[in-house]
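To start, the structure under review is shown below, and the notes come after it.
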Amino acid sequence: MEATPALEARPLMDEDTFRENFSQELKPHKTYLCYEVELQEDDAWIPVDEFKGFLRNQVTKHRRVGTEGKPRCHAELCLLELIPSWELDKERHYRVTCFISWSPCPDCASQLAAFLGKNSHLSLRVFASRIYTKFAGYETGLRQLQAAGAQITIMTSEEFEYCWKTFVDHQGTPFLPWDDLDKYSKMLSKDLKGILQGNWTWS
DNA sequence: ATTTTCAAT
């Protein structure tokens, strides 16, 4: 009964899942989100390791007439359901960081913004691998989220490597960037900057 | 080049 120290095994993402979902070239019909929390102490951010993890969006398995399936849940809303369970001290200030494979859709962005408005003890940073442009108004959504105080950024090799080390079951192997990682990251960063500044490049 | 877009036609 001395097998493991008080260190609880945290679930880790397998390597393929990470690569398949965070590579900018692939566009899987699912979203993964890695999250972590830090507590503000003077000028420093202290990691709160117990609330570190990852999740993915939830889908209804079977849809049948007359059956009330569990509603689909985008990854961001899964996170919003999770945060209250952490019971963070409202007298202190925390920073929640998430690394997400698709940027928030307009609805999620709006809900995140509302959440930040109601939780002034929390700050939010969003690092996205890709920009989710499927739904009309995605630009406005991202701007709204930024206006609510969130920091929104495209993941660079630095964040990919951090996620690999922190959330992936990497078996001790170092992060090997995929082809064109930096190229896509720079391209998407430029796109996001334009969006957040209110420029439109597409009609 | 406009793209497998938080699926399921």
Side-chain angles (χ1 to χ4, degrees), chain A residues 11-36 53-84 96-116 124-146 148 150-156 159-160 163 167-168 177-196 199-203:
Chain A
L12 295 171
M13 190 184 306
D14 70 70
E15 298 183 11
D16 290 341
T17 301
F18 180 72
R19 298 184 78 87
E20 288 168 12
N21 284 281
F22 283 88
S23 153
Q24 306 100 329
E25 217 153 10
L26 302 173
K27 301 176 188 299
H29 293 253
K30 53 190 171 177
T31 299
Y32 275 77
L33 185 157
C34 304
Y35 56 85
E36 64 181 10
F54 72 93
L55 53 82
R56 61 152 294 174
N57 68 296
Q58 297 299 308
V59 295
T60 310
K61 290 265 167 64
H62 302 288
R63 177 178 299 198
R64 295 180 56 186
V65 178
T67 302
E68 302 255 339
K70 201 180 170 190
R72 291 159 49 182
C73 184
H74 277 190
E76 301 88 327
L77 302 186
C78 297
L79 181 67
L80 289 188
E81 285 185 8
L82 191 59
I83 291 177
V96 178
T97 301
C98 55
F99 305 93
I100 185 166
S101 58
W102 285 113
S103 65
C105 76
D107 183 55
C108 289
S110 173
Q111 300 212 37
L112 288 168
F115 182 82
L116 289 175
L124 177 67
R125 295 193 303 169
V126 177
F127 291 92
S129 176
R130 298 173 295 251
I131 303 174
Y132 191 69
T133 63
K134 182 178 178 181
F135 297 149
Y138 71 91
E139 304 101 321
T140 311
L142 293 173
R143 283 196 290 271
Q144 184 188 359
L145 180 52
Q146 183 186 54
Q151 176 192 120
I152 314 172
T153 316
I154 294 296
M155 290 176 74
T156 67
E159 282 80 44
F160 288 120
C163 283
F167 302 104
V168 176
W178 45 83
D179 289 348
D180 296 329
L181 184 154
D182 291 322
K183 189 189 82 178
Y184 281 112
S185 178
K186 287 189 178 117
M187 196 181 296
L188 292 167
S189 294
K190 198 172 286 185
D191 289 348
L192 181 62
K193 280 198 184 86
I195 290 166
L196 294 178
N199 300 331
W200 265 275
T201 44
W202 302 298
S203 54

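Values below: every heavy atom of this structure, side chains too, minus hydrogens, waters and symmetry copies. Below, chain A is the first sequence line, B the second, and so on; all start at residue 1.
Here Tyr32(A) does not reach the OP1 or OP2 of dC6(B): none of its side-chain N or O atoms lies under 4.0 Å away. Within the 4.0 Å cut-off from OP1 or OP2 of dT4(B), not a single side-chain nitrogen or oxygen of His29(A) is found.
dA1(B) and dC6(B) have their P atoms separated by 26 Å, with the value rounded to a whole Å.
Using a 30° and 60° split on the angle between ring planes, Phe18(A) and Trp178(A) fall in the tilted class, from 30° to 60°.
Checked against side chain to side chain donor-acceptor pair (under 3.5 Å), Asp14(A) has the following partners two or more places apart in sequence or in another chain: Thr17(A). In this structure, the ring-ring contact (aromatic ring centres under 6.0 Å, His included) partners of Tyr35(A), at least two apart in sequence or on a different chain, are Trp86(A).
Taking atom NZ of residue Lys190(A) and atom P of nucleotide dT2(B), one finds them 20 Å apart after rounding to whole Å. For Asn21(A) and dT5(B), the CG to C1' distance is 12 Å, given to the nearest whole Å. For the pair Tyr184(A) OH and dT3(B) P, the computed distance is 13 Å after rounding to whole Å. The CH2 atom of Trp102(A) sits 12 Å away from the P atom of dT3(B) (whole-angstrom rounding). In this structure, Leu33(A) places its CG atom 20 Å from P of dT5(B), rounding to the nearest Å. Separating the CD1 atom of Ile131(A) from the C1' atom of dT4(B) is a distance of 18 Å, rounded to the nearest angstrom. Remark: C1' of dT4(B) and NZ of Lys134(A) are 11 Å apart, rounded to the nearest angstrom. With rounding to whole Å, Lys30(A) atom NZ is found 14 Å from dA8(B) atom C1'.
Contacts of Glu25(A) with the nucleic acid, taken as non-hydrogen atoms under 4.0 Å apart, are absent. In this structure, Cys108(A) reaches neither bases nor backbone, as no heavy-atom distance under 4.0 Å exists between it and the strands shown. Ser129(A) comes within 4.0 angstrom of nothing in the nucleic acid, heavy atoms only.
The structure places SG of Cys98(A) at 7.0 Å from CG of Leu112(A), a figure rounded to the nearest 0.5 Å.
Residues Glu159(A) and Ser185(A) fail the side-chain proximity criterion, which asks for heavy atoms closer than 4.5 Å.
Residue side chain Gln58(A) does not reach the base of dC6(B) through any donor-acceptor N/O pair under 3.5 Å, judged by distance alone.
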